[in-house]
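Taking it in order: structure first as C-alpha cells, then the write-up.
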Amino acid sequence: MVRGVRGSYDFGMRFAPGRRLTDFLSRVRARLGLSFSEVAAVCAALTILGASIIAFGGVTEDVTQHNGLSSSDLMHLRWFTTHRSGTVISAARLLSDVGNITVLGLVAVTAAVLLWRHGARLVVAVAPGIALTIGGACAAVAKAVGGFLLRRHGA
C-alpha cells in the first residue's frame, strides 16, 4: 500500500485478474500433479483446438452460405488438375496411404508398446488405440448419417 494525496493505492490489485488466473493454474497443476511444461503443453493444445474450431466454423459457414472459398472452388480445381504432374500424383497417393487404417493401427500399437515399455500406466499406453477406435466409429457414424441425409433430400 502506498499512501498519497488521494489516499492509499494497492499496486497488487492492479494485476488481480492475471494473478487470479495464475493462482487458478497453479491449483490445477498441483491437483493434477503436472509440471510447468505439461501445463504449457495442455494450454497450447487447447489454444490450437480453439483456433481449429473457429477455422472449421468459418469454412462451414462459407460452404452453407455459398460464399467465401466455395465460390472459387471450381476455378482452383481446374488450376490444380491442369498443373499437376505424375510425381505430385504419386506423392498424394503415398500421403493418402499414410492415413490408411492399417498404418494408423500399427502406429497406435507401436505407441502402446513404447509407452508400456517406458513405464506408462496401462490406460495411458492404450489411449492412442482407444482414440483411434472412437475416432473411426465417429467417422463411420457421420458417413452413414450424411449418406442417409443426402439420399433422403436428393442432393
Side-chain angles (χ1 to χ4, degrees), residues 15 17-155:
F15 303 105
R19 183 175 295 169
R20 282 184 283 191
L21 177 63
T22 305
D23 291 343
F24 172 74
L25 290 175
S26 295
R27 285 193 310 270
V28 169
R29 185 178 72 76
R31 185 175 182 121
L32 295 177
L34 299 175
S35 68
F36 178 76
S37 60
E38 291 169 333
V39 171
V42 168
C43 289
L46 290 174
T47 302
I48 292 169
L49 176 65
S52 300
I53 289 172
I54 290 170
F56 183 73
V59 171
T60 303
E61 190 269 336
D62 286 348
V63 170
T64 57
Q65 301 300 317
H66 301 292
N67 60 11
L69 288 175
S70 66
S71 62
S72 63
D73 276 348
L74 189 56
M75 179 181 65
H76 289 117
L77 178 63
R78 277 196 207 114
W79 188 88
F80 280 108
T81 54
T82 304
H83 293 86
R84 65 184 175 186
S85 66
T87 306
V88 172
I89 292 171
S90 298
R93 285 192 180 132
L94 177 69
L95 289 175
S96 293
D97 289 342
V98 169
N100 187 338
I101 189 65
T102 306
V103 174
L104 292 177
L106 289 173
V107 169
V109 168
T110 304
V113 168
L114 289 174
L115 287 169
W116 181 256
R117 288 194 64 195
H118 285 280
R121 292 178 291 166
L122 180 63
V123 69
V124 174
V126 298
I130 293 171
L132 179 65
T133 304
I134 291 171
C138 291
V141 168
K143 286 181 180 181
V145 169
F148 170 75
L149 292 174
L150 284 174
R151 286 189 304 274
R152 183 172 184 187
H153 295 292

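- In this structure, the side chain to side chain contact (heavy atoms under 4.5 Å, CB included) partners of Val124, at least two apart in sequence or on a different chain, are Ala120, Arg121.
- Between Pro128 and Ala125, the shortest heavy-atom distance links the atoms CD-O, 3.4 Å.
- Within the structure, ring pair (Phe, Tyr, Trp, His ring centres under 6.0 Å) pairs that include any residue of residues 82-130 comprise Trp79-His83 (at least two apart or interchain).
- Separating the CD1 atom in Ile48 from the CD1 atom in Ile53 is a distance of 12.5 Å, to the nearest 0.5 Å.
- Arg29 approaches Leu34 most closely through the heavy-atom pair CG-O, 2.8 Å.
- With sequence neighbours excluded, the residues forming a side chain to side chain contact (heavy atoms under 4.5 Å, CB included) with Arg27 are Asp23, Phe24, listed by chain and number.
- Annotation: the span from Ile101 atom CD1 to Leu106 atom CG amounts to 10.0 Å, rounded to 0.5 Å.
- With sequence neighbours excluded, no residue satisfies side chain to side chain contact (heavy atoms under 4.5 Å, CB included) with Leu95.
- For Thr64, there are no side-chain hydrogen bond (donor to acceptor under 3.5 Å, both in side chains) partners at least two apart in sequence or on another chain.
- Applying the side chain to side chain contact (heavy atoms under 4.5 Å, CB included) rule to Leu104 yields the partners Leu132; only residues at least two apart in sequence or on another chain are considered.
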Ser90 vs Leu94, side chain to side chain contact (heavy atoms under 4.5 Å, CB included): CA-CA, chis, key distance, verdict | CA-CA 6 Å; Ser90 298; Leu94 177 69; over 6 Å; no

